[in-house]
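Okay, structure first, notes after.
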Amino acid sequence: MRKPNQVKTNPFPYSHTNKRYYTIDHYFRKKYGKKVAKVPLNAGFTCPNRDGTKSVGGCAFCSSLGSGDSIPAFFDTLSRQYEEGLGRMRQKWPDCLGFAYFQSYTNTYAPLETLQAIYDPFFSRDDVQGVCIATRADCLSEEIVAYLAERAKQKEVWIELGLQSVHDKTMDALNRAHDSAIVFQWIERLKRTPIKTCVHLINSLPGESEDDMLESARQVAAARPDAIKIHMLHIVKNSKMGADFVHHPFALLSRQAYVDVVVRQLECLPADMIVERLTGDAIQSELIAPEWTLKKTIVLNAIDQRMVEWDTWQGKNHTYV
């Protein structure tokens with residue numbers, strides 16, 4: 001049984017706040033000297049498990065907007081999306097810098113010439129500090145990586161890879177249409193470039209135990225990408241899972257159970273691995289369950305509180321080899 005911590009100081013070195021994990025905000029403030037906001041964009045891509053190349057319908061948990069539900073100007077030009085999005089961010093953080101975050105669908109699923117036409121204007125913009133590209137590992141190629149590695153000499157470039165779980169049985173059932181091995185292969189390949197990598201995990205996927213979720217975090221820890229995002233599973237409308245859940249609901253983690261799993265996952269990560277997210281975004285009108293995920297600040301505060309109670313921090317149980 002863990003005992004509550006009586007020490008009020010923060011033992012974690014990569015923090016300028018009370019956080020006991022390495023936030024992306026800490027990374028950006030150290031590098032750029034101020035707040036950096038990632039502006040989500042929709043470039044009009046699709047996915048190979050949507051268009052019939054590998055499957056149809058997309059990942060069972062993904063909405064019809066390809067995880068771009070929070071983009072307010074979803075169908076506007078990319079320039080307009082970025083300007084409107086950065087403007088909204090600067091209402092909250094007036095002097096923040098901007099990153100172009102290509103979030104919806106699979107953002108390398110096109111010929112190189114198409115990708116260059118989409119991304120090059122953002123590498124040329126003075127109001128863009130860097131470019132972040134969310135994609136599937138099976139939609140990378142040597143020529144795409146070579147192009148982005150060259151652009152990374154101009155501005156910071158991140159590639160986000162959706163792993164979600166290391167358990168292929170889970171992901172096969174959810175129509176992911178590729179295995180986990182290819183994700184880890186590309187993490188290793190990208191380490192030989194100036195491109196930074198981030199891996200996504202989803203907790204509470206159907207059929208997974210808390211030990212399964214912890215194992216996913218352990219394998220990501222061993223692979224050593226630059227960053228990780230951890231989300232609670234959102235059951236949303238306009239997704240296959242959402243339609244199924246209405247008729248055949250399954251158990252989801254409670255808020256406290258999620259908090260405890262996340263803390264255990266953080267303990268096994270390297271201390272210098274950036275944590276980009278510990279909560280996800282879902283539009284309230286589109287969310288079916290769990291409703292507690294809408295209270296993001298409460299969830300994050302609960303994680304902070306649990307880490308103090310357990311006298312723990314990111315990397316406490318990580319084995320360095």
Side-chain angles (χ1 to χ4, degrees), residues 14 16-17 19 21-45 65-74 76-108 115-136 140 144-145 147-162 190 193-200 225-231 272-281 296:
Y14 302 102
H16 62 279
T17 63
K19 302 294 185 184
Y21 54 92
Y22 189 177
T23 66
I24 188 68
D25 184 58
H26 181 75
Y27 167 78
F28 279 143
R29 288 184 186 275
K30 285 287 187 180
K31 182 162 186 174
Y32 296 101
K34 58 175 62 178
K35 176 72 178 181
V36 173
K38 292 173 68 174
V39 180
L41 302 170
N42 166 43
F45 291 99
L65 296 181
S67 299
D69 306 73
S70 62
I71 302 172
F74 192 87
D76 276 349
T77 64
L78 283 169
S79 179
R80 176 70 184 277
Q81 287 182 51
Y82 183 77
E83 289 156 11
E84 183 172 327
L86 185 59
R88 290 174 66 244
M89 301 293 188
R90 284 178 172 168
Q91 291 176 11
K92 186 174 183 179
W93 304 292
D95 65 341
C96 74
L97 304 175
F99 256 58
Y101 176 27
F102 292 85
Q103 180 182 30
S104 297
Y105 304 107
T106 302
N107 291 276
T108 58
L115 301 182
Q116 290 172 322
I118 289 170
Y119 296 130
D120 281 352
F122 286 88
F123 286 109
S124 300
R125 292 184 64 141
D126 292 335
D127 60 350
V128 175
Q129 298 299 311
V131 173
C132 180
I133 298 168
T135 193
R136 293 164 53 102
L140 290 174
I144 290 171
V145 168
Y147 157 68
L148 292 173
E150 188 64 27
R151 292 295 180 267
K153 297 175 183 177
Q154 297 175 249
K155 294 183 178 181
E156 193 166 352
V157 176
W158 285 77
I159 288 180
E160 294 192 7
L161 296 172
L190 290 165
T193 76
I195 299 168
K196 294 187 178 297
T197 55
C198 178
V199 171
H200 292 220
D226 296 284
I228 189 171
K229 285 186 177 182
I230 300 174
H231 304 262
D272 59 351
M273 183 181 291
I274 300 164
V275 178
E276 292 211 29
R277 275 184 178 272
L278 293 179
T279 59
D281 291 303
K296 292 176 61 176

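Please read these numbers as outputs of a predicted model, since none were measured by experiment. Both backbone and side-chain heavy atoms feed into the values below; hydrogens, waters and symmetry mates do not.
Inter-residue side-chain proximity for Val39 and Gln81 is flagged as unmet; no heavy-atom pair is nearer than 4.5 Å. A heavy-atom distance below 4.5 Å is not found between the side chains of Val275 and Ile230. The closest side-chain heavy-atom distance from Trp158 to Asp226 is below 4.5 Å. In this structure, the side chains of Val157 and Thr193 stay at 4.5 Å or more apart for every pair of heavy atoms. Taking the side chain as every heavy atom from C-beta outward, Tyr147 and Asp120 approach each other to under 4.5 Å. Arg277 has its side chain out of reach of Ile24: every pair of non-hydrogen atoms, C-beta onward, lies at least 4.5 Å apart. Residues Leu140 and Ile159 form a side-chain contact, since some pair of their non-hydrogen atoms from C-beta on lies under 4.5 Å apart.
Legend: residues meeting ring pair (Phe, Tyr, Trp, His ring centres under 6.0 Å) with Phe122, ordered by chain and number and at least two apart, are Tyr82, Phe102. Residues passing the salt bridge (Lys or Arg N to Asp or Glu O under 4.0 Å) test with Asp25, sequence neighbours excluded: Arg29, Lys35. For Lys92, the salt bridge (Lys or Arg N to Asp or Glu O under 4.0 Å) criterion is met by no residue, not counting sequence neighbours.
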Worksheet item: side chain to side chain contact (heavy atoms under 4.5 Å, CB included) between Asn42 and Tyr105: does it pass, once the steps are laid out?
Response: CA-CA 8 Å; Asn42 166 43; Tyr105 304 107; 4.1 Å; yes
Item to complete: Output, in order, the C-alpha distance, side-chain angles, deciding distance and verdict of ring pair (Phe, Tyr, Trp, His ring centres under 6.0 Å) for Phe28 and Phe99.
Response: CA-CA 11 Å; Phe28 279 143; Phe99 256 58; 5.0 Å; yes
Worksheet entry | Worked verdict on Tyr119 versus Arg151 for side chain to side chain contact (heavy atoms under 4.5 Å, CB included) | CA-CA 9 Å; Tyr119 296 130; Arg151 292 295 180 267; over 6 Å; no
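Considering CG of Asp76 and CG of Leu41, their distance stands at 11.5 Å, rounded to 0.5 Å. Here the OG1 atom belonging to Thr108 is positioned 8.5 Å from the CG atom belonging to Leu148, to the nearest 0.5 angstrom. Considering NE2 of His26 and NE2 of His16, their distance stands at 7.0 Å, rounded to 0.5 Å. Taking OG1 from Thr197 and CG from Leu190, the interatomic distance works out to 6.5 Å, rounded to the nearest 0.5 Å. Here the NZ atom belonging to Lys38 is positioned 13.5 Å from the SG atom belonging to Cys96, to the nearest 0.5 angstrom. Here the straight-line distance linking atom CD1 of Ile274 with atom NZ of Lys229 works out to 12.0 Å at 0.5 Å rounding.
A donor-acceptor pair is defined here as one N or O able to donate and one able to accept, closer than 3.5 Å; no such pair exists between the side chain of Lys30 and the backbone of Tyr14.
For the residue pair Thr106 and Arg136, the shortest heavy atom distance occurs at OG1-CD, 3.2 Å. The minimum heavy-atom distance between Lys296 and Gly280, with the atom names listed, is CD-O, 3.9 Å. The two residues Ile118 and Ala43 come nearest to each other via the heavy atoms CG2-CB, 4.2 Å. Closest approach of Gly162 and His200 over heavy atoms only: CA-CB, 4.1 Å. The minimum heavy-atom distance linking Ser124 with Lys155 is given by the pair C-NZ, 4.2 Å.
Of the residues listed (Lys196, Gln103, Glu160, Glu156), the one engaging Cys132 in a side chain to side chain contact (heavy atoms under 4.5 Å, CB included) is Glu160, and it is the only one.
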